[in-house]
Every structure is written in structure tokens, then in C-alpha cells.
Amino acid sequence: MMNWHEKNAEFNALIKQLFHDNDWQKRAEAARKLGLVKDARATNLMCRALRSEKDYIVVNKIIEALGRIGDGRATLRVIEKLKEEQEKIEIDKFRIIYIIESLIKIKDKRALSYLGPLLESSDEDIKDLTFKAFNVIEPTWQEILERERNKSIQEIFKTK
């Protein structure tokens with residue numbers, strides 16, 4: 001069993017590796033391990049790394065790790081990645097799936113208005129996963145839609 005000082009030293013080493021290692025595989029591994037540690041102290045730093053990281057796989061690992069940590073402070077940064085993806089001519093299905101899975105684990109209702117359009121996705125996997133996200137994050141979402149029939153999903157679940 002590691003004591004607090006050892007855990008802290010490992011945590012700091014992983015953060016340093018995530019930001020400064022030249023090898024993308026080592027950065028990806030640092031992100032993965034930070035997700036497994038589930039230390040909420042990593043959230044803001046990983047959100048910063050998500051913004052600056054250029055490597056495709058490392059970005060996916062950071063998104064996945066933020067989901068594992070489950071801290072709502074990551075929601076808007078993960079949504080930023082979703083918006084970036086949706087603006088592309090060719091959306092990346094796997095990136096979208098990583099994002100939805102991460103948002104399911106974070107369980108922040110603010111994600112719903114951004115996920116709403118994916119309920120209409122032509123891709124069945126994305127559509128099914130989005131339904132799952134709605135069911136996990138807001139189990140009564142269909143009743144809410146029924147009640148608020150005259151409003152769009154974006155209006156209903158828009159964050160105050």
C-alpha cells in the first residue's frame with residue numbers, strides 16, 4: 001500500500017509526463033493512469049491538457065480519463081471537444097463515442113442540451129449511446145420532453 005507521499009509523488013510524475021513527455025504513448029499512458037487513480041485534483045490540469053494536446057490518441061485517453069474521474073468540472077471542456085467534432089466535415093465516430101461515454105460517467109445535466117442533437121444521429125451506435133446517456137444523466141427525460149412538448153431539447157435542458 002502506497003502512503004500519501006508516494007501517491008502524491010506518483011500523481012505529480014504522471015501530470016508532468018502528461019504535459020511534457022515527447023512520446024505520445026507515454027502521454028497517453030499518463031492520462032490512462034490518472035483516470036485509474038480517480039483523483040479529482042487532476043481534473044483542471046487534464047482539462048488544460050485536453051485543450052493543448054495535439055495527438056489524436058492522447059486526446060481520446062484524456063477524455064476517457066476525465067470520465068473515469070467523474071468530476072463535473074470537466075463537463076464543459078469535454079463538450080468543447082464535442083462541438084469541435086461536430087463542426088468537422090467528416091465527424092469522427094470514435095471520438096464522439098469517447099465523448100458520450102465520458103459524459104455518461106460524469107453525469108452532469110449540463111451535457112444534455114449538447115447531446116440532444118445526437119438523439120437524431122444517422123449512426124445507430126451514436127444514437128443508442130446518446131439514449132443511454134440521457135437515461136443515465138436524467139432518467140425522467142422522456143417525461144420532461146412530453147411535458148415541455150413546445151420546446152426543443154436544447155431549450156429544455158439548457159443550463160441556467
Going by atom type alone, with no hydrogens or angles, which donor-acceptor pairs under 3.5 Å involve a side-chain atom of residues 38-45 and a protein atom two or more places apart or on another chain?
residue : atom : partner : partner atom : Å
Asp39   : OD1  : Arg41   : N            : 2.8
Asp39   : OD1  : Arg41   : NE           : 3.3
Asp39   : OD2  : Arg41   : NE           : 3.0
Asp39   : OD2  : Arg41   : NH2          : 2.8
Arg41   : NH1  : Asn8    : OD1          : 2.7
Arg41   : NH2  : Asn8    : OD1          : 3.2
Thr43   : OG1  : Ala40   : O            : 3.0
Thr43   : OG1  : Asp71   : OD2          : 3.2

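- The environment of Lys132 atom NZ is sparse: at most 12 non-hydrogen atoms of other residues, nucleotides or ligands sit within 6.0 angstrom.
- Atom CD1 of Ile97 and atom CG of Leu129 lie 6.5 Å apart (nearest 0.5 Å).
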Audit row: Arg51, Glu80, side-chain contact (heavy atoms from CB on, under 4.5 Å) steps and yes/no = CA-CA 9 Å; Arg51 197 172 250 176; Glu80 205 172 87; 2.9 Å; yes

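- If you take NZ on Lys61 and CD on Gln25, they are separated by 11.5 Å, rounding to the nearest 0.5 Å.
- Applying the 6.0 Å contact sphere to OH of Tyr56 captures more than 12 heavy atoms from other residues, nucleotides or ligands.
- Among all heavy-atom pairs drawn from Gln17 and Arg27, the shortest one is O-CG, 3.5 Å.
- Side-chain N or O atoms of Arg95 include none that pairs as donor or acceptor with a backbone N or O of Val59 at under 3.5 Å.
- Although no hydrogens or angles enter the test, the distance criterion places a donor-acceptor pair under 3.5 Å between the side chain of Ser102 and the main chain of Ile63.
- Residue Gln86 holds its CD atom at 5.0 Å from CG of Leu118, rounded to the nearest 0.5 Å.
- By the salt bridge (Lys or Arg N to Asp or Glu O under 4.0 Å) test, Lys81 is found to be paired with Glu84, residues two or more places apart in sequence or in another chain being considered.
- Judged by distance alone, the side chain of Arg68 and the main-chain N or O of Leu36 form no donor-acceptor pair under 3.5 Å.
- When every heavy atom of Gln142 is checked against every heavy atom of Phe131, the shortest pair comes out as NE2-CE2, 4.1 Å.
- Using a distance-only test at 3.5 Å, with no hydrogens or angles considered, a donor-acceptor pair links the side chain of Thr130 to the main chain of Ile126.
- Counting only heavy atoms from C-beta outward, the side chains of Leu145 and Ile153 approach each other to under 4.5 Å.
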For Glu10 and Lys7, what are the C-alpha separation, side-chain angles and deciding distance, and is it a salt bridge (charged side-chain N to carboxylate O under 4.0 Å, His left out)?
-> CA-CA 5 Å; Glu10 183 193 26; Lys7 280 183 183 163; over 6 Å; no

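- Among residues two or more places apart in sequence or in another chain, the side-chain hydrogen bond (donor to acceptor under 3.5 Å, both in side chains) test is passed with Glu146 by Arg149.
- Going from atom CG of Leu103 over to atom CG of Leu115 covers 5.5 Å, rounded to the nearest 0.5 Å.
- When all heavy atoms of Asp123 and Asp125 are compared, the pair lying nearest together is OD1-N, 2.9 Å.
- Within 6.0 Å of atom NZ in Lys105, more than 12 heavy atoms from other residues, nucleotides or ligands are found, so the atom counts as buried in its surroundings.
- The aromatic rings of Phe157 and Phe134 sit perpendicular to each other, their planes meeting at more than 60°, with 30° as the lower class boundary.
- In this structure, CD1 in Ile79 is found 6.0 Å from OH in Tyr114, a value given to the nearest 0.5 Å.
- Distance CD/Glu87 to CG/Leu82: 10.0 Å, rounded to 0.5 Å.
- A distance-only check finds no donor-acceptor pair linking the side chain of Glu101 to the backbone of Gly67 [under 3.5 Å].
- For Leu18 against Ala31, the heavy-atom pair with the smallest separation is CD1-CB, 3.9 Å.
- Side chains of Arg77 and Met46 form no contact here, defined as non-hydrogen atoms less than 4.5 Å apart.
- A donor-acceptor pair under 3.5 Å is formed between the side chain of Glu85 and the backbone N or O of Asp92.
- Within 6.0 Å of atom CD in Glu120, 12 or fewer heavy atoms from other residues, nucleotides or ligands are found, so the atom counts as exposed in its surroundings.
- The minimum heavy-atom distance between Gln154 and Ser113, with the atom names listed, is NE2-O, 3.4 Å.
- Between Gly72 and Ile106 the shortest heavy-atom distance is CA-CG2, 3.7 Å.
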